[in-house]
Q: 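Structure incoming, see below.
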Amino acid sequence: MKKELPKVYEPQEVEGRIYEMWEKNGCFVGHRDPDKKPFTIVMPPPNVTGQLHMGHAMDSTLQDILIRFKRMQGYAALWVPGTDHAGIATQIKVEEELRTKEGLTRYDLGREKFLERVWDWKAKYGGRIVEQQKKLGASCDWSRARFTMDDGLSAAVRHVFVRLYNKGLIYKGSRIINWCPHCVTALSDAEVEYQDKPGNLWHIRYPIQGETDRWVVVATTRPETMLGDTGVAVNPEDERYKGIVGKKCILPLVGREMPIVADAYVDRTFGTGCVKMTPAHDPNDFEVGLRQNLETIRVLDDNGRVVEGYGKYSGMDRYEARKAIVADLEAGGYLVKVEPHQHNVGTCYRCHSDVEPLISAQWFVKMEPLAKEALRVVNEGETKFVPDRFAKTYTNWMENVHDWCISRQLWWGHRIPAWYCDDCGKLTVSESDPTECQHCHSRHIHQEEDVLDTWFSSALWPFSTLGWPDESSEDYKYFYPTDVLVTGYDIIFFWVARMIFSGCEHTGKPPFHTVFIHGLVRDDKGRKMSKSLGNGIDPLEIAEQYGADALRFNLVTGNSPGNDMRFYTERCEAMRNFANKIWNASRFLMMNLTIDTCELPERLELEDKWILSKLNAVIPEITENMDKYELGVAAQKVYDFIWDDYCDWYIELTKSRLQGDDEEAKVNAQKVLCCVLTDILKLLHPFMPFITEEIWQALPHEGDFLMLQKWPEHHVELDFPEEEKAMEMIMDAIGAVRTRRAEMNVPPSKKASLTVSTLEQEVFQAGIPFLKRLAYASDVTITGVAGLGADGEESARGMVTVITHAARISMPMAELVDLEKEKARIQKDLGKQKAELEKLQAKLNNPGFVNKAPANVVEAERERAGKLTALIAKLEEQLRSM
């Protein structure tokens, strides 16, 4: 049964109650159904440390729109939520809390006790972002919520590690890796962000051994690493240096003898053409060192300080050491010159400290064999990117991918399942904790200290969350592969690529058929939101002020796949107004509703056929755009239909029937209003779920929840092209008359007779009631076009005329305005505008202004002069017509 709606829509009162109702009744649960096609989305798991920001709100909203849409289309829809343990971020938070509250470090507690603290922290704060997502309406199956360190997911991680190790695709080796001295851990290539920074190029003399007046000059951007130099390289084709290849030079300040070698890696045109080789601190030098058999000496420790053995430099921070070394080089006569040099510097994605390339024993995944299948599925279209330009970004990276460093020097995370034997020194890699060495059976074994990169576990997310590696899991068999991944372009390398190659390698199938890429949410000036700029906007505060529906609709209508969007808080106010418009339209219907069921009547009037035909046309357009992931376009079409067609026109067109004495006409109008509103609520529901559910619950309906109703479809029998065309002729005429009256400042209360000259006399005859009521006509006369004179004759007869594509509509001017008063008003306005234009033209004719003022200011004044000229012409035309 229908119920009354309150006078004012209060989202703060409605949203929590509606969400609780959905959750309590299991509306979000994804059920396996052999009679339905599955549609699965896995949520990109936010960090367990996280607090909802506008990027999360965008990502969550887009996923929720898709899952609600597919659920209503009849799919067995499942949206799997969860959170990521976020190794570095979480450990840093807990360590900070320990330090500030108790003055302790993790080492004071020991590994086991520290991990207990982290789990306590996770229990206390880990669900915060989940509750925040619920406030935005996320219709996830929370009963299937996963955490990357759940038992089942941890078992999957171990299974994959052991499997890849046994296939020779995981290995441990000493290589140059990216090291963050602040976070004190290795990073993968994808976790390094490059920034263009100003620096210097220092030119340094390295004396040639045994020769008092000869040296080579090397150029470096990092003089502190010279302490680890073990050679100098020149290009074998460089004629300048052929005579010194094979000789030795002396490392200044240290005294180390180093060979001068020839290697094609050296660019003859850069710097002096001589390059110092620091194999322990540069990836290219490392490769040259391997080819030339150079010594590898590491001179910076894990905290970015100079190691012992280097005199006064030992213990210095890398940048402190740089200053001291440069000063000593200059004092010793070794510094030739210093040049300013702009260069790309790698920074940690987490803390933004400069990353230090250094040699370290780490665990790696061989990427080349895994990349092949991951490239094929995208190149052959098994997995598509939306927009497709991001496929190129993906393939470029995958074609040039390096081995992935997967070990992290942390305690929080999946500990690497490898054990060292204290007796034979060999490794045991196992899914379950071993009690002895698998090689010599010694019980003296200890586990690897390092944990796995967080992205190693999230790479398995689309299938580990569904029960894999247990391939008999019913969820895995039914819901995998998933359908669409919704994510930002900023984690294509971090996550998307790794999920694709992991899915292909471990399940034999790509994990999803579509990757829907959205852009970043920026502030209203186009800047990235950040703590340092202080321009972040809390989505929950916006939702509290304007309603979650208004926030969601703002985010989606500003969205186009792959592109960044600017967030304007003012637009949330406009979307709240939209919500109020729907609410008020629904209240109007409720106040006039006497029916208990919602069904179309047998008899349909012209305006009924028009709205039904318009609705019938827009349904497939909205559906098509939803299927193409053009969610912003789909939302705009829903908005336009509701605001313009239903609220501004159809409700007005039916008021005379609703308020008349003809009971059948009254009931029929209610039925059409109710049926169209019901479909409107369905179309709008994925975008604005709360208000649509609340209104639907008040309407006559079948079923328990709007969110589980069937998505509207096109019905051929509701196409009325002729009636739609006819109604729009009448509406055009009404609009034209109202516009002309507004231009003349005629109030609606002042009615005038209309004469409509048209070839479509039958159409306009049927439209007389609408013209009388909505065009404020005292009476309407319909004539053929032959009886109508030219524009001049109309003016001479004191008529005001408006023209549409189907009709010419005339109104006696005397019935609209007091001619003398109106003339006086216009003449006064005309005088004012002419005076303003005269002043402006004098300004523009002044060379002093035109030549000295900024070009944009001059152009703006010219534009203003053009507008004033047009306004004056219009006022003069109005006077002539009188």
Side-chain angles (χ1 to χ4, degrees), residues 1-5 581-622 637-685 692 695-703 706 709-731 734 763 766-771 773-774:
M1 283 292 291
K2 71 184 180 74
K3 67 175 185 180
E4 291 297 321
L5 289 175
K581 182 95 168 176
I582 302 159
W583 185 261
N584 292 334
S586 303
R587 278 193 81 244
F588 171 79
L589 173 57
M590 301 288 185
M591 289 160 65
N592 289 278
L593 207 59
T594 59
I595 56 175
D596 291 326
T597 58
C598 193
E599 57 187 2
L600 288 177
E602 290 183 16
R603 181 183 166 189
L604 295 170
E605 302 298 336
L606 177 62
E607 66 271 28
D608 300 335
K609 291 179 178 179
W610 168 75
I611 193 68
L612 290 169
S613 193
K614 292 284 284 184
L615 175 62
N616 209 33
V618 83
I619 285 169
E621 291 176 10
I622 293 165
K637 286 182 179 293
V638 179
Y639 178 96
D640 291 344
F641 180 80
I642 293 171
W643 193 289
D644 299 337
D645 296 331
Y646 187 74
C647 294
D648 282 0
W649 275 108
Y650 185 65
I651 287 177
E652 290 303 316
L653 292 169
T654 57
K655 277 184 177 176
S656 58
R657 287 156 66 195
L658 289 172
Q659 293 157 7
D661 297 326
D662 185 332
E663 195 59 34
E664 183 187 1
K666 184 184 292 189
V667 168
N668 286 354
Q670 290 179 41
K671 286 181 176 179
V672 179
L673 278 163
C674 189
C675 286
V676 174
L677 179 58
T678 299
D679 272 355
I680 279 173
L681 295 174
K682 291 175 184 176
L683 293 170
L684 184 60
H685 178 76
T692 50
I695 294 169
W696 185 84
Q697 291 290 341
L699 285 172
H701 63 264
E702 292 181 6
L706 173 63
Q709 294 301 297
K710 188 180 178 186
W711 182 256
E713 294 177 348
H714 177 268
H715 297 283
V716 178
E717 67 274 16
L718 294 180
D719 283 331
F720 301 108
E722 293 305 313
E723 290 86 344
E724 190 178 333
K725 182 181 174 185
M727 191 68 229
E728 286 180 354
M729 288 180 195
I730 298 164
M731 290 162 61
I734 293 168
V763 168
I768 287 175
F770 303 123
L771 287 162
R773 192 161 61 84
L774 300 178

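Keep in mind the model is a prediction, meaning the values are calculated, not measured.
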Q: Answer yes or no: is there an ion pair linking D719 with K614, defined by an N-O contact shorter than 4.0 Å?
A: no
Q: Measure the CG-CG distance between L653 and D608 for me, rounded to the nearest 0.5 Å.
A: 9.5 Å
Q: Check for me whether K581 meets the cation-pi criterion with W643, that is, NZ or CZ under 6.0 Å from the six-membered ring centre and within 45 degrees of the ring axis.
A: yes
Q: At what distance, to the nearest 0.5 angstrom, does CD1 of I619 lie from NZ of K682?
A: 9.0 Å
Q: Go through the structure and list residues passing salt bridge (charged side-chain N to carboxylate O under 4.0 Å, His left out) with K666, not counting sequence neighbours.
A: none
Q: So, taking the atom named CD1 in I642 and the one named CG in L683, what distance separates them when rounded to the nearest 0.5 Å?
A: 7.5 Å
Q: Report yes if the side chains of D679 and Y646 come closer than 4.5 Å at any heavy-atom pair, otherwise no.
A: no
Q: Show the numbers, then the answer: is there a side-chain contact (heavy atoms from CB on, under 4.5 Å) between Y650 and L612?
A: CA-CA 10 Å; Y650 185 65; L612 290 169; over 6 Å; no
Q: Counting C-beta onward and ignoring hydrogens, is there a side-chain heavy-atom pair between S656 and R773 closer than 4.5 Å?
A: yes
Q: So, R657 and E605, do they make that salt bridge, N to O below 4.0 Å?
A: no
Q: Rounded to the nearest 0.5 Å, what separation is found between the CH2 atom of W696 and the CG atom of L684?
A: 15.0 Å
Q: Could you give the distance from CG (L699) to CG (L589), rounded to the nearest 0.5 Å?
A: 6.5 Å
Q: Would you give the length of the straight line joining atom CG of L606 to atom CD of E722, rounded to the nearest 0.5 angstrom?
A: 11.5 Å
Q: Answer yes when K655 and E652 have at least one side-chain N-carboxylate O distance shorter than 4.0 Å, and no when they do not.
A: yes
Q: According to salt bridge (charged side-chain N to carboxylate O under 4.0 Å, His left out), who are the partners of E599, at least two apart in sequence or on a separate chain?
A: none
Q: Please enumerate all residues that pass salt bridge (charged side-chain N to carboxylate O under 4.0 Å, His left out) together with R587, with sequence neighbours excluded.
A: none
Q: Below 4.5 Å, heavy atoms only, C-beta onward: do V672 and P601 meet side chain to side chain?
A: yes
